[in-house]
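The structure appears right after this line, and notes come after that.
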Number of protein chains: 2
Amino acid sequence: MDGYENPDAMEHFPGYVLRRTAHAMMAELAQRLAPLDLRISECAILMMLGQRGDLTSAEIGKVLDIQRANMAPMLKRMELAGLIARKPIDGRSMAIVLTKVGTARRALAHATLNAFEAELMSRIPARHRHHFMPALYALWKPAEPD
Amino acid sequence: MDGYENPDAMEHFPGYVLRRTAHAMMAELAQRLAPLDLRISECAILMMLGQRGDLTSAEIGKVLDIQRANMAPMLKRMELAGLIARKPIDGRSMAIVLTKVGTARRALAHATLNAFEAELMSRIPARHRHHFMPALYALWKPAEPD
DNA sequence: GTAAAATGCTATAGTCAATAGCTATTGGAG
DNA sequence: CTCCAATAGCTATTGACTATAGCATTTTAC
């Protein structure tokens with residue numbers, strides 16, 4: 001295989017290859033989400049809200065691993081874009097809910113993600129394909145049973 | 001499997017899982033390289049220079065996909081750290097070479113990378129393990145023969 | 001009622017990558 | 001040789017993302 005005789009001395013290292021691959025994929029996904037005026041993190045928030053529409057900022061951040069401080073400007077942007085609304089739960093916490101516009105945008109985003117997912121998997125040779133996600137899971141969440 | 005019933009609506013999407021996994025790995029690798037005062041990109045440069053010690057800034061950047069403009073401050077930092085030296089080739093281009101310190105640092109980095117690589121692969125269940133790198137290659141460099 | 005924790009937020013700084021633009025050198029065409 | 005395009009290295013700037021510290025309010029526990 002050609003790749004192993006490349007001048008790039010890092011091509012043997014899974015960590016490096018993982019980084020380069022992820023970067024390439026993220027760039028491509030970002031490009032596909034750009035027409036929807038969504039960044040990847042915002043898209044993830046929309047997807048979460050599509051499953052359960054009464055999440056708080058803290059709950060979203062916990063699942064997506066985004067810190068509270070960084071959720072604030074992101075949600076502000078999404079609110080200004082008319083995608084979400086805030087409903088007070090109690091004096092300190094707010095439920096984040098999808099607006100009508102947000103629900104529609106979420107459907108578009110979902111379609112985009114599905115298409116992207118299918119295309120990505122199709123690029124992996126069949127004999128490796130179904131091993132890919134389990135391998136990623138094992139690295140991402142080592143405690144998960146497999 | 002538990003992961004598939006998680007509140008994270010993105011866990012089915014390879015792009016997202018790839019991103020999260022890469023981020024987790026990069027954080028861990030960065031931590032391991034920190035004692036060597038090396039960032040991941042700098043480490044990659046050292047590894048390249050270990051294979052061929054007369055590369056120019058532009059050549060390195062081309063392989064590692066780092067733009068000329070972003071190579072400059074990086075090389076400056078490495079030069080100040082005493083890892084590399086610049087030798088003029090002609091009036092406009094400079095060969096980047098490892099110093100003695102840089103050569104020693106590269107050996108340490110290489111050992112760190114090897115240990116990390118082995119540990120990463122060991123985390124992947126055996127039946128998925130040898131499919132991982134080929135799958136990444138297929139995504140990263142779709143044109144590569146497989 | 002008071003102390004501790006939780007929630008949302010601002011402000012700030014650092015990393016990383018992308019773009020535009022500058023200077024100087026090289027190399028080829030006239 | 002002169003002119004001009006391409007190359008090489010660099011600065012400065014911007015934008016996205018992340019991490020930290022700190023503040024105000026509210027809830028919860030004792």
Side-chain angles (χ1 to χ4, degrees), chain A residues 15-16 18-34 36-45 54-81 84-97, chain B residues 10 15-16 18-20 22-31 33-34 37-45 54-81 84-97:
Chain A
Y16 182 78
L18 188 55
R19 173 164 99 134
R20 293 294 301 269
T21 305
H23 186 261
M25 294 307 98
M26 289 315 100
E28 187 175 343
L29 180 54
Q31 224 171 17
R32 296 195 187 198
L33 289 176
L36 305 184
D37 191 29
L38 287 178
R39 305 191 206 138
I40 295 175
S41 297
E42 294 168 347
C43 178
I45 293 174
D54 60 334
L55 298 164
T56 65
S57 164
E59 288 169 329
I60 296 172
K62 193 170 183 180
V63 173
L64 299 184
D65 208 27
I66 304 171
Q67 312 206 8
R68 276 179 308 160
N70 296 326
M71 287 295 299
M74 206 176 283
L75 290 178
K76 187 194 287 176
R77 197 183 105 93
M78 292 178 74
E79 190 175 24
L80 285 176
I84 60 169
R86 290 166 154 98
K87 279 196 205 171
I89 292 179
D90 55 29
R92 64 178 167 181
S93 52
M94 312 278 277
I96 313 294
V97 295
Chain B
M10 298 297 285
Y16 182 77
L18 187 55
R19 173 165 97 135
R20 293 294 301 269
H23 187 260
M25 293 307 98
M26 288 316 100
E28 187 175 342
L29 180 54
Q31 224 171 16
L33 290 176
D37 191 31
L38 287 178
R39 304 192 207 137
I40 295 175
S41 297
E42 294 169 348
C43 178
I45 294 174
D54 59 334
L55 298 163
T56 65
S57 163
E59 287 169 329
I60 296 171
K62 195 169 184 179
V63 173
L64 299 184
D65 208 27
I66 303 173
Q67 311 207 6
R68 276 178 308 160
N70 296 325
M71 286 295 299
M74 205 175 286
L75 291 177
K76 186 194 289 176
R77 197 183 105 93
M78 293 178 72
E79 190 174 25
L80 285 177
I84 59 169
R86 290 166 154 99
K87 280 196 205 171
I89 292 178
D90 54 29
R92 62 181 166 179
S93 52
M94 312 278 278
I96 313 293
V97 295

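Below, chain A is the first sequence line, B the second, and so on; all start at residue 1. Just so it is clear, the structure is predicted and the values come from calculations on it, not from any experiment.
Counting heavy atoms from C-beta on, the side chains of Met71(A) and Ile45(A) come closer than 4.5 Å. For the pair Ser93(A)/Asp90(A), a side-chain contact is recorded, criterion being any heavy-atom separation below 4.5 Å from C-beta on.
How far CE of Met26(B) is from NE2 of His23(B): 10.0 Å, rounded to the nearest 0.5 Å. The structure places CD1 of Ile84(A) at 7.0 Å from CD1 of Ile60(A), a figure rounded to the nearest 0.5 Å. The CG atom of Leu33(A) sits 6.0 Å away from the CG atom of Leu38(A) when rounded to the nearest 0.5 Å.
Along DNA chain C, read 5' to 3', the first and last nucleotides having any atom under 4.0 Å from a heavy atom of chain B are dC16(C) to dT26(C).
Applying the salt bridge (Lys or Arg N to Asp or Glu O under 4.0 Å) criterion to Arg77(B), with sequence neighbours excluded, gives Asp37(B), Glu42(B). In this structure, the salt bridge (Lys or Arg N to Asp or Glu O under 4.0 Å) partners of Glu79(A), at least two apart in sequence or on a different chain, are Arg86(A).
Using modelled atom types and a 3.5 Å distance limit, the side chains of Arg19(A) and Ser41(B) yield a donor-acceptor pair.
Using a 4.0 Å cutoff on non-hydrogen atoms, the parts of residues 87-95 of chain A near DNA chain D are Asp90(A), Gly91(A), Arg92(A), ordered by number.
Contacts of Lys76(A) with the nucleic acid, taken as non-hydrogen atoms under 4.0 Å apart, involve only primed sugar atoms and P, OP1 or OP2. Heavy atoms of Arg77(A) sit nowhere under 4.0 angstrom from any nucleic acid atom.
Of all heavy-atom pairs spanning Ile89(A) and Ala95(A), the tightest one is CG1-N, 3.6 Å.
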With the criterion being N/O to N/O and under 3.5 Å, what pairs connect the protein with nucleotides 13-18 of chain D, and how long is each?
from: dC17(D); atom 1: OP2; to: Arg39(A); atom 2: NH1; distance (Å): 3.2

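For the side chain to side chain donor-acceptor pair (under 3.5 Å) condition, no pair includes a residue of residues 62-75 of chain A, sequence neighbours left out.
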